[in-house]
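Structure first, then comments.
Hydrogens, waters and symmetry mates play no part in the numbers below; they use all other heavy atoms, side chains included. Small disclaimer: the values here were computed from a predicted structure and weren't measured.
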Amino acid sequence: MGSGGVIHCRCAKCFCYPTKRRIRRRPRNLTILSLPEDVLFHILKWLSVGDILAVRAVHSQLKYLVDNHASVWACANFQELWPSPRNLKLFERAAEKGNFEAAVKLGIAYLYNEGLSVSDEARAEVNGLKASRFFSLAERLNVNAAPFIWLFIRPPWSVSGSCCKAVVHESLRAECQLQRTHRASILHCLGRVMSLFEDEEKKKQAHDLFEESANQGCLTSSYLLWESDRKTDMSDPGRCLYNFRKLRDYAAKGCWEAQVSLAKACANGNQLGLEVKASNEIVCQLFQASPAANKQEVFSMQKGLNDTMRYILIDWLVEVATMKDFTSLCLHLTVECVDRYLRRRLVPRYRLQLLGIACMVICTR
């Protein structure tokens with residue numbers, strides 16, 4: 001109803017809304033600084049150390065993220081770097097923030113004096129204490145995996161003058177008296193080192209260390225104790241059956257050495273009193289739980305290699321292992337290491353044999 005009492009309809013002439021003025025908005029420019037903080041973390045965490053330092057110099061916000069968040073350094077990639085006086089601070093910073101790769105490389109560098117030049121005066125003592133610190137840190141970061149640092153400090157030790165390996169061993173032994181964290185894995189490593197000596201007294205010390213480590217919850221030490229007890233208890237059928245029940249428990253908890261031993265025991269069903277069908281089912285379950293490696297991942301990375309070249313390399317490794325009387329475990333572990341490396345790094349054809357023998361040397365340790 002208008003002011004003059006005239007009724008208006010709602011047609012376009014009589015009734016219309018004022019037209020809105022359309023404003024064109026410019027598209028927003030996306031930059032790395034406009035990304036959410038959790039996305040930035042995901043990007044920074046998997047960069048190499050050189051790239052992290054380059055990104056840090058771009059903007060104050062990125063500098064703040066790199067400097068104040070440990071997760072960036074914990075996942076930084078040191079693949080192309082080795083500790084040296086120029087980058088020592090970067091390695092130490094990353095190791096203290098939880099970078100496993102940096103801790104292992106620092107431990108090896110100090111142990112063998114590779115890259116970090118230290119004066120000859122008391123070099124074994126100084127390097128040994130520093131190597132012990134980073135090996136202990138690496139073992140603490142080595143979650144849900146078998147203890148491994150004993151591989152670096154195993155005998156033979158130097159008989160003339162001070163030995164850096166012996167210093168590391170004594171330092172780790174002293175650390176076990178003070179710390180409770182990751183004590184089980186350190187005790188296992190000390191026991192593995194002692195077990196490699198020919199001296200009976202040291203072998204007794206190794207057994208005591210394994211028992212203490214097993215009581216602290218180390219599954220690998222428990223299996224080694226089972227293996228030593230099995231040799232003395234095989235004559236009693238009841239004791240033998242009890243030992244195999246313990247072996248089954250260790251295998252169920254994820255100890256791969258126990259799983260292999262259980263598979264061998266089930267293959268010989270007479271030891272467990274199992275029927276053939278039950279033995280076959282247990283063995284099949286164990287092997288199905290371990291997926292086979294996909295060789296196509298190797299050849300997708302290595303464009304210049306093919307299946308025949310890999311076959312020739314493995315055939316040659318079998319010949320070397322037979323000639324040197326290496327165990328089948330060493331041979332299989334060598335092939336696994338070769339495939340792991342080929343899935344990650346490009347290897348020229350003329351270096352394939354060098355890769356194979358280098359992996360075998362490592363696996364014989």
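Between Arg340 and Glu336 a salt bridge is recorded (basic side-chain N to carboxylate O distance below 4.0 Å). With salt bridges taken as basic N to acidic carboxylate O contacts below 4.0 Å, none links Lys253 and Asp249.
In this structure a side-chain-to-backbone donor-acceptor pair under 3.5 Å is missing from Ser132 to Gly128. A donor-acceptor distance shorter than 3.5 angstrom exists from the side chain of Lys203 to the backbone of Phe197, with no hydrogens or angles considered. Using a distance-only test at 3.5 Å, with no hydrogens or angles considered, no donor-acceptor pair links the side chain of Lys246 to the main chain of Ser222. Side-chain atoms of Lys105 never come within 3.5 Å of backbone atoms of Phe91 as a donor-acceptor pair (strictly under, hydrogens ignored).
Within the 4.5 Å cutoff, side-chain heavy atoms of Leu44 are placed close to those of Leu47. Using a 4.5 Å cut-off on side-chain heavy atoms (C-beta onward), Arg173 and Ile186 make no contact. Inter-residue side-chain proximity for Ser185 and Asn142 is flagged as unmet; no heavy-atom pair is nearer than 4.5 Å. When side chains are defined from C-beta on, His59 does not count as touching Leu65, because their heavy atoms never get closer than 4.5 Å. Using a 4.5 Å heavy-atom threshold, the side chains of Val335 and Leu313 count as separate. By the 4.5 Å heavy-atom criterion applied to side chains, Ile149 and Val104 are not counted as neighbours. Taking 4.5 Å as the limit, every side-chain heavy atom of His182 sits out of range of all side-chain heavy atoms of Leu137. Side-chain contact between Arg248 and Arg245 is present, with heavy atoms from C-beta onward closer than 4.5 Å.
Residue Leu35 holds its CG atom at 12.5 Å from CZ of Phe41, rounded to the nearest 0.5 Å. To the nearest 0.5 Å, the span separating CG on Asn127 from CD on Glu125 amounts to 10.5 Å. Atom OG of Ser84 is separated from atom CD of Glu114 by 12.5 Å, given to the nearest 0.5 angstrom. To the nearest 0.5 angstrom, Asn99 atom CG is 8.5 Å from Leu141 atom CG. The distance from atom CG of Leu187 to atom CG of Leu172, rounded to the nearest 0.5 Å, is 10.0 Å. Separating the CG atom in Leu329 from the CD atom in Glu257 is a distance of 7.5 Å, to the nearest 0.5 Å.
The two residues Ala138 and Phe100 have their closest heavy-atom pair at O-CE1, 3.4 Å. Nearest heavy-atom pair across Ala102 and Ala95 is CB-N, 4.0 Å. Ala206 approaches Met194 most closely through the heavy-atom pair CB-CB, 3.7 Å. Pairing each heavy atom of Glu139 with each of Cys189, the nearest pair is OE1-SG, 3.7 Å. Nearest approach of Gln79 to Glu101, heavy atoms of both residues: N-OE2, 3.3 Å. Nearest approach of Leu196 to Pro155, heavy atoms of both residues: CB-CG, 3.8 Å.
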Should Asp199 and Gln205 be marked as a side-chain contact (heavy atoms from CB on, under 4.5 Å) after you check the CA-CA gap, both sets of side-chain angles, and the distance that decides it? CA-CA 10 Å; Asp199 189 1; Gln205 292 178 13; over 6 Å; no
Under the side-chain contact (heavy atoms from CB on, under 4.5 Å) criterion, do Leu333 and Phe326 qualify, and how do the steps go? CA-CA 11 Å; Leu333 197 58; Phe326 294 150; over 6 Å; no
Check the pair Arg133 / Glu96 against salt bridge (charged side-chain N to carboxylate O under 4.0 Å, His left out), numbers first and verdict last. CA-CA 11 Å; Arg133 171 192 166 200; Glu96 295 296 338; 2.3 Å; yes
Would Phe134 and Phe152 satisfy ring pair (Phe, Tyr, Trp, His ring centres under 6.0 Å), going step by step from the backbone distance to the final call? CA-CA 12 Å; Phe134 289 109; Phe152 302 110; over 10 Å; no
Please test Arg310 against Val338 for side-chain contact (heavy atoms from CB on, under 4.5 Å), starting from the C-alpha separation and ending with a verdict. CA-CA 10 Å; Arg310 180 179 177 275; Val338 168; over 6 Å; no
Trace of the side-chain contact (heavy atoms from CB on, under 4.5 Å) decision for Leu40 with Gln61: CA-CA 11 Å; Leu40 279 176; Gln61 181 182 349; 4.2 Å; yes
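In the displayed structure, Lys97 atom NZ is contacted under 6.0 Å by at most 12 heavy atoms of other residues, nucleotides or ligands. Tyr112 OH: more than 12 foreign heavy atoms inside a 6.0 Å radius.
Connection of Leu342 to Met301 is not established within any shared hydrophobic cluster, with ILVMFWY side chains joined at heavy-atom distances below 4.5 Å, either directly or through further cluster members. Note on Phe135 and Val167: separate hydrophobic clusters, where clusters join Ile, Leu, Val, Met, Phe, Trp and Tyr whose side-chain heavy atoms are under 4.5 Å apart, directly or indirectly. Leu331 is not connected to Val260 by any chain of hydrophobic side-chain contacts under 4.5 Å among Ile, Leu, Val, Met, Phe, Trp and Tyr, and they are in different clusters. There is a path of hydrophobic side-chain contacts, each under 4.5 Å, that joins Trp73 to Leu62. Note: the hydrophobic cluster containing Ile314 also contains Trp316 (ILVMFWY, side chain heavy atoms under 4.5 Å, direct or indirect links).
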Throw together a table of side-chain donor-acceptor distances under 3.5 angstrom for residues 210-220, partners on residues two or more places apart or in other chains.
from	atom 1	to	atom 2	distance (Å)
Glu212	OE2	Arg183	NH1	3.3
Glu212	OE2	Arg183	NH2	2.6
Ser213	OG	Ala184	O	2.7
Ser213	OG	Ser221	OG	2.9
Asn215	ND2	Glu211	O	3.1

Side-chain donor-acceptor pairs under 3.5 Å in residues 345-362, sequence neighbours left out?
from	atom 1	to	atom 2	distance (Å)
Arg345	NH2	Glu80	OE2	3.2

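Here the rule is side-chain hydrogen bond (donor to acceptor under 3.5 Å, both in side chains) with Ser261, and of Trp256, Trp226, Tyr223 only Tyr223 fits it.
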